[in-house]
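Worksheet for the structure shown next.
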2 protein chains.
Amino acid sequence: MACNQIETEEYKKEMKAIQDSMDVLNGKWKIAIIKSICLYNQRRFSDILNDVVGISNKMLSKELKELETNKLIERTVLNTQPVTVLYELTKHGLTLQTIIKDLTDWGFRHREEIIGKSL
Amino acid sequence: MACNQIETEEYKKEMKAIQDSMDVLNGKWKIAIIKSICLYNQRRFSDILNDVVGISNKMLSKELKELETNKLIERTVLNTQPVTVLYELTKHGLTLQTIIKDLTDWGFRHREEIIGKSL
DNA sequence: CTGAATCCTCGGCGATACTG
DNA sequence: CAGTATCGCCGAGGATTCAG
């Protein structure tokens, strides 16, 4: 119900907003990385590298940079020997949780719908 | 809060579920197409082609097929001259509305957070 | 009108090696 | 440990043309 609305101006704005969201979340790894950090609140580079099965260090490095640019995570360098780098979600990053939860729920329902059985 | 949970089995399932969702929604066009159909409940090929700015017919055709495979939309061919083809959301397709709304809202907030002002 | 077919480009992503 | 550098594949997606 009520997903129709004729206001085209509003419609265009919404489309842009969605594209913004998708750009941030797109790609093969972003959400997996966020989940990894989220799971432990704080996580090191190599920890995430282990958590996110299949990712290469190059990709991880790139994705982390993008997430930081988008102010979703924060990078902290510790003066240990050798260096330790911690990543954690920002306040803004934490607001993604609703979406992530919805995506999870819908994913389960979708699988049932398509394959006819759950995980 | 409470996005951490130690159960790794559950964690893996959730990751798969999210990947399922993202696979369905990924790419440059899927959500825009869904929104277009949704806006009018029923929409023809060339209508969507106009709604979704920038998409090529090849892409539209491909995306529509995928959406149909995923049982999100339904294709109806009318015996007109020339042929008319209608696309509409299925019940399952309509369940995406929550996610789409969340993505829209978050997109707005994100823009404020990053650029410092709204659309 | 609704696509399918073809050709081409560009960037995402992987593999491996190297650095402070 | 936490990345960078380099090479290269492959598929997403654009432009154009053809077909029923």
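Computed from heavy atoms alone, side chains included, the values below leave out hydrogens, waters and symmetry copies. All chains are named by letter (A, B, ...) in the order of the sequence lines, taking the proteins before the strands, and each is independently numbered beginning at 1.
- The rotation axes computed at either terminus of the helix from C:dC1-D:dG20 to C:dG20-D:dC1 lie 40° apart, taking five pairs at each end and rounding to 10 degrees.
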| query | If the sugar-phosphate is the primed atoms plus P, OP1 and OP2 and the base is the rest, what is the B/S/- string for nucleotides 8-20 of chain C, using protein heavy atoms under 4.0 Å? | reply | -----BBBBB---
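- Atom CZ of B:Arg75 and atom P of C:dT2 are 10 Å apart (whole Å).
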Which atom pairs, one a donor and one an acceptor, fall under 3.5 Å between side chains of residues 73-88 of chain A and the rest of the protein, sequence neighbours left out?
unit_1, atom_1, unit_2, atom_2, d
A:Thr80, OG1, A:Pro82, O, 2.8
A:Thr80, OG1, A:Thr84, N, 3.1
A:Thr80, OG1, A:Thr84, OG1, 2.7

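- By the salt bridge (Lys or Arg N to Asp or Glu O under 4.0 Å) test, A:Asp47 pairs with A:Arg43, A:Arg44, sequence neighbours left out.
- Residues satisfying the side chain to side chain donor-acceptor pair (under 3.5 Å) test with B:Thr90, not counting sequence neighbours, are none.
- Every residue meeting the salt bridge (Lys or Arg N to Asp or Glu O under 4.0 Å) condition with A:Lys101, not counting sequence neighbours, appears here in chain and number order: A:Asp105.
- Here A:Phe108 contributes atom CZ and A:Glu113 contributes atom CD; the two are 15.5 Å apart, rounded to the nearest 0.5 Å.
- The stretch residues 42-51 of chain B comes close to DNA chain C through B:Arg44, B:Phe45, B:Ser46, each having a heavy atom under 4.0 Å from the strand.
- Here chain B contacts DNA chain D (any atom closer than 4.0 Å to a heavy atom, that is under 4.0 Å), and the contacts span D:dG13 to D:dT17 from 5' to 3'.
- Side-chain contact check for A:Thr98 versus B:Trp106: every heavy-atom pair is 4.5 Å or farther apart.
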| request: Kindly indicate, with the supporting measurements, whether the criterion salt bridge (charged side-chain N to carboxylate O under 4.0 Å, His left out) is fulfilled by A:Glu14 and B:Lys35. | output: CA-CA 10 Å; A:Glu14 288 183 6; B:Lys35 270 216 130 191; 2.3 Å; yes
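- The side chain to side chain donor-acceptor pair (under 3.5 Å) search around B:Thr104 returns none, not counting sequence neighbours.
- Counting non-hydrogen atoms under 4.0 angstrom, A:Thr84 reaches the backbone sugars and phosphates but no base.
- For A:Glu63, there are no side chain to side chain donor-acceptor pair (under 3.5 Å) partners two or more places apart in sequence or in a different chain.
- With sequence neighbours excluded, no residue satisfies salt bridge (Lys or Arg N to Asp or Glu O under 4.0 Å) with A:Lys65.
- With hydrogens and angles ignored, the 3.5 Å screen pairs no side-chain donor or acceptor of B:Thr95 with any backbone N or O of B:Lys91.
- Qualifying side chain to side chain donor-acceptor pair (under 3.5 Å) partners for A:Lys28, counting only residues two or more places apart in sequence or in other chains: none.
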